[in-house]
Amino acid sequence: MLTTKYITENADDVIARLAKKHFDGKGIIAKVVSLDTLRKNKQTQLDEILAEVNGLSKIIGELFKQGKKEEADASKEKTALLKEKSKQLSAELDVAEKALVDLLVQIPNLPHSSVPEGKGAEDNIVEKMGGLIPTLPANALPHWDLAKKYDLIDFELGVKISGAGFPVYKGKGAQLQRALISFFLSNANAAGYLEIQPPYVVNAASGYGTGQLPDKEGQMYHCTVDDLYLIPTAEVPVTNLYRDVILNEKDLPIKNTAYSACFRREAGSYGKDVRGLNRLHQFDKVEIVQIQHPDKSYETLQQMVDYVQTLVDKLELPWRILRLCGGDISFTSALTFDFEVYSAAQQRWLEVSSVSNFESYQANRLKCRFRTGDKKTNLCHTLNGSAMALPRIVAALLENNQTPEGIKIPKALVPFTGFDIIN
RNA sequence: GGAGAGGUGCUCGAGUGGUUGAAGAGGUACGCCUGGAAAGCGUAUAUACUCCUAAAGGGUAUCGCGGGUUCGAAUCCCGCCCCCUCCGCCA
């Protein structure tokens, strides 16, 4: 969330910038400003009363020591009154603080100045393209048919044991998954990311830390018995590693990578978007996360985008990078680049990675700070990106590389799969 | 899951009702000393909120978390969380 300080000091600017995300901030920002004033007011009053109580307590202690019991009792009565007042003020302060946070979590992150205007996906700007779109024969099969033909993925079996969106990978299909995970992790390691194996279930505090809670509660699987959530992405546990942490300035940037299964309820999805591997409830992903000094975060964002590009290049997939417009960028992001690969049999672009700079928006919730040379603390900037999400990569690999002989595996992947063709 | 023991600052560790935001030690930083270093000596070393135009300097809160008792709580009481030991179960 945005800091109250920034909002109150730059109210008009904040409202103007939020407009790009099609968020009307006028009313809510005004409320934040007035609530904050109220909060400060209560805080000051409360502090004064408590100071008085503390002072009296010391005096009472002295009086008791000197045996002046009557005087002490007189002061006791005074503190009783003050205490009454402080209780009330403290309750009011609590209400104001909670109300303020309730408002703050409803305000999205400010988009970076380079975020293009636009309503939705159609207004995203294509930054860069690469790879070759293959020309497939007329009888080319979509990946769900290929998966069946070569017995790689069994969707029906998944339905039986879990439900739709939980595919069962088999044989070379399963091996391909394992190879891709290994391929992505090896590359991330080589690029200087520290490999992490995080828990797949997290507590509510972690959900709040990265912003899945409270607003996206319905998108996560919730184990109510233990009040734990299945992670929708490794971003959640990995970023929360740095919750309530004060880092040393010289430790920045922190570079972590993690493979995890990801669990998403995807309530409300339907149609061709969910066919085959296009949208699943459980899928595999390798994530990269960086915690960086605010001065360097955009430089880092570019490096992360460049890094992801090396992956799609090695996999010899046709790709394009989109700069997301104000209407399509996520609630918490300041600037996002999406990677899409072309799935040649479906003849559509599929999103396989999303690389974002959250600036201090996440860090403020996480209370992830760093200490500068002069011992002041500042919020870090957090960034993350998929590198990458497997299912759609698999979809594109299967479709684009189909030949009469079988499905060819890209050279860079062969050392990881141990085979160069699926037939 | 059952029983017992515990959770104090960057770390260790003292502290069972009152100048304890917290002794002492270690670590770290800076200074002195030194040709340089070590040792030694000195100083500093939490976070958040708030008052103040700002700095300086005040105030408030925080000794796992939340509540209670009390004029006053790290210290007493209750609930929760975590951790260690033993037992049970178990990949």
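Sequence lines set the chain letters: A, B, ... in the order given, protein chains first and strands last, and positions in each chain run from 1.
For A/T44, counting side-chain heavy atoms from C-beta on, the closest listed nucleotide (B/C49, B/U47, B/C51) is B/C51.
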| request: For each nucleotide in nucleotides 55-61 of chain B, reading 5' to 3', give B when a protein heavy atom comes within less than 4.0 Å of its base, S when such contact involves only the sugar-phosphate, and - otherwise. | output: ----BSS

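With sequence neighbours excluded, the residues satisfying ring pair (Phe, Tyr, Trp, His ring centres under 6.0 Å) with A/Y193 are A/Y307. For A/Y169, there are no ring pair (Phe, Tyr, Trp, His ring centres under 6.0 Å) partners two or more places apart in sequence or in a different chain. Applying the ring pair (Phe, Tyr, Trp, His ring centres under 6.0 Å) criterion to A/F166, with sequence neighbours excluded, gives A/H281. Taking the side chain to side chain contact (heavy atoms under 4.5 Å, CB included) definition, one finds that A/V201 meets it with A/L228, A/L230, sequence neighbours left out. In this view, A/D244 and A/K367 satisfy the side chain to side chain contact (heavy atoms under 4.5 Å, CB included) rule, not counting sequence neighbours.
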Please enumerate all protein N or O atoms sitting under 3.5 Å from an N or O of nucleotides 64-71 of chain B, with distances to 0.1 Å.
{"residue": "B/C71", "atom": "O2'", "partner": "A/S57", "partner atom": "OG", "Å": "3.1"}

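Close to B/A48, at under 4.0 Å from its OP1 or OP2, lies a side-chain N or O of A/R369.
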Can you give each donor-acceptor pair under 3.5 Å made by side-chain atoms of residues 92-103 of chain A, sequence neighbours left out, with the distance rounded to 0.1 Å?
{"residue": "A/E92", "atom": "OE1", "partner": "A/K42", "partner atom": "NZ", "Å": "2.7"}
{"residue": "A/E92", "atom": "OE2", "partner": "A/Q88", "partner atom": "NE2", "Å": "3.2"}
{"residue": "A/D94", "atom": "OD2", "partner": "A/K98", "partner atom": "NZ", "Å": "3.2"}

Table please: side-chain donor-acceptor pairs of residues 170-177 of chain A below 3.5 Å, with sequence neighbours left out.
{"residue": "A/K170", "atom": "NZ", "partner": "A/D151", "partner atom": "OD1", "Å": "3.2"}
{"residue": "A/K172", "atom": "NZ", "partner": "A/I421", "partner atom": "O", "Å": "3.2"}
{"residue": "A/Q177", "atom": "NE2", "partner": "A/D284", "partner atom": "OD2", "Å": "2.9"}

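With a cut-off of 3.5 Å on both Watson-Crick or G-U wobble distances, the partner of B/G4 is given as B/C84.
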